[in-house]
Amino acid sequence: MIFDLEASFARRCDRHPARDDWRGGAPVRVYGAATFLSLPDAVVDVAREFGQKRGAPHFHAAIRGSISRAELRAIAAATYHQVWWPAHDHQLYSGTRMPRWDDRTKGFVDPETREPLPTWDEATDPDTLLMPAHTVMFGAQVHVKGILGGTEEAGRHVGYLTKYLTKSVGQAAGLTDDATSRQREHARRLTAELAITPCSPTCGVWLLYGIQPKGARLSTTPGQCKGKAHKPEHLGIAGRRVLVSRKWSNKTLDDHRAERAAFVRQLLDKAGVRPGYAVDDGPFEWERTQAGDPDVPTRPVLLLHAISERQRWKADYEAAVAQVDEQPERDSATDDQAA
């Protein structure tokens, strides 16, 4: 079963709901994009893939089993995520007037009064933080389509989902070489807004709003953050592209990969199938390659190698499955002859 969900956003601090200026309503879209990945976590117990629709964050999910359309729509309507962060709609510091680190208090202080800025714990104290800074929820569009595994239609939909794993967020949003000037200007404004939008409790951008980020230290630079959400190529989407159920299994994607690898190896051993490739689990020593390194294959070569490797894995796995399926039949025939 395939279904699509679009996202809509609500923000506590919309001071000019009738205006269409960038600092009035549009930051809702930017901030919503930065927190959108929290929404799939609420429904990802049945979800497998994440993508983005042009113009707005968009969620695609492939579900094993059958769930009625009414139930899916009810789940989407009831799912929301609240961000209990301090309000940050009014910037206090900019330019050369920035908070300064104070060795005596081991924290940031106002550059003029030398008064310590509120720490993250103080700013998020439940007694003072009475409302969420932001609420994100799914929109009204819920498109559901049932498909049967192994059919041509299933393959087509799976291909549609997985194409997002090889595309950058900018490409998915339509920012390709043939993008219009209006699209590029829109992306520029998004990037500018993301530069002053906090992405996490540890984000250095919080200092622009007079709040010390969580874990602030001397090396923290006011208004600067290395988080992916601030980078133009991510457009606020900085998280995972493939999500797994954490509510039921409490396992990460790496845990699932390791379990599947162990299962396949046990199956190969049981069937007596020797892999047609070398199996080497390390240990390895990794190092970053340099530009122009002659030992680094070209991208087409890497892709062809990956495809060939997957084909070998699939052939070995299918051979092992066939061998194991035949084993009970041989055992049964041996027992009949002995009787």
Side-chain angles (χ1 to χ4, degrees), residues 9-16 21-39 41 57 80-136 169 188-240:
F9 312 115
R11 189 179 185 184
R12 180 172 65 87
C13 302
D14 254 342
R15 296 187 174 183
H16 307 288
D21 64 287
W22 197 244
R23 290 297 299 168
V28 177
R29 178 180 299 175
V30 176
Y31 192 64
T35 58
F36 174 68
L37 286 180
S38 297
L39 272 177
D41 272 334
Y80 64 92
H81 175 69
Q82 292 181 326
V83 183
W84 288 89
W85 288 353
H88 45 280
D89 58 327
H90 180 59
Q91 188 173 332
L92 301 179
Y93 302 99
S94 62
T96 58
R97 184 177 177 273
M98 288 288 189
R100 298 178 181 177
W101 177 261
D102 183 68
D103 288 329
R104 182 178 58 84
T105 61
K106 301 299 181 183
F108 283 90
V109 299
D110 184 272
E112 299 168 352
T113 66
R114 309 298 294 180
E115 287 292 324
L117 300 182
T119 65
W120 180 259
D121 290 339
E122 292 171 345
T124 56
D125 187 292
D127 293 333
T128 59
L129 192 62
L130 303 180
M131 296 182 66
H134 184 78
T135 300
V136 60
V169 176
R188 186 196 64 77
R189 295 163 73 190
L190 278 173
T191 302
E193 188 66 32
L194 286 168
I196 57 173
T197 301
C199 68
S200 69
T202 60
C203 182
V205 175
W206 281 112
L207 289 167
L208 300 180
Y209 301 93
I211 298 170
Q212 298 192 58
K214 190 174 183 179
R217 53 186 181 273
L218 176 61
S219 60
T220 302
T221 304
Q224 300 293 322
C225 179
K226 295 181 180 180
K228 290 182 179 179
H230 302 287
K231 298 183 183 300
E233 61 267 27
H234 288 278
L235 294 178
I237 305 295
R240 299 148 286 146

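Keep in mind the model is a prediction, meaning the values are calculated, not measured.
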Could you list the residues that satisfy salt bridge (charged side-chain N to carboxylate O under 4.0 Å, His left out) with Glu112, not counting sequence neighbours? Arg97
Once you round to the nearest 0.5 Å, how far does CH2 of Trp120 lie from CD1 of Ile211? 7.0 Å
Quick one, Leu129 with Trp84, criterion side chain to side chain contact (heavy atoms under 4.5 Å, CB included). Give me CA distance, side-chain angles, the key distance, then yes/no. CA-CA 8 Å; Leu129 192 62; Trp84 288 89; 4.2 Å; yes
With a 4.5 Å limit on heavy-atom distance, are the side chains of Val205 and His230 in contact? yes
Rounded distance (nearest 0.5 Å) linking atom NE2 of His88 with atom CG of Leu208: 11.5 Å
Carefully, step by step, assess Leu194 and Lys231 under the rule side chain to side chain contact (heavy atoms under 4.5 Å, CB included). CA-CA 8 Å; Leu194 286 168; Lys231 298 183 183 300; over 6 Å; no
Keeping the roles fixed (side chain from Gln212, backbone from Leu117), state whether a donor-acceptor pair exists under 3.5 Å. yes
Over all atoms of both residues, closest heavy-atom pair of Pro201 and Trp85: CD-CZ2, 3.8 Å
Just to verify, what does Thr105 make a side-chain hydrogen bond (donor to acceptor under 3.5 Å, both in side chains) with, not counting sequence neighbours? Asp102
Could you label the plane-to-plane angle of the Tyr209 and Trp206 rings as parallel, tilted or perpendicular, counting under 30° as parallel and over 60° as perpendicular? perpendicular
Gap separating the NZ atom of Lys228 from the SG atom of Cys199, nearest 0.5 angstrom: 12.0 Å
Counting only pairs under 3.5 Å, give me each side-chain donor-acceptor contact of residues 215-225, with atom names and distances, residues two or more places apart or in other chains.
from   : atom 1 : to     : atom 2 : distance (Å)
Arg217 : NE     : Ser219 : OG     : 3.2
Thr220 : OG1    : Arg217 : N      : 3.1
Thr220 : OG1    : Arg217 : O      : 3.2

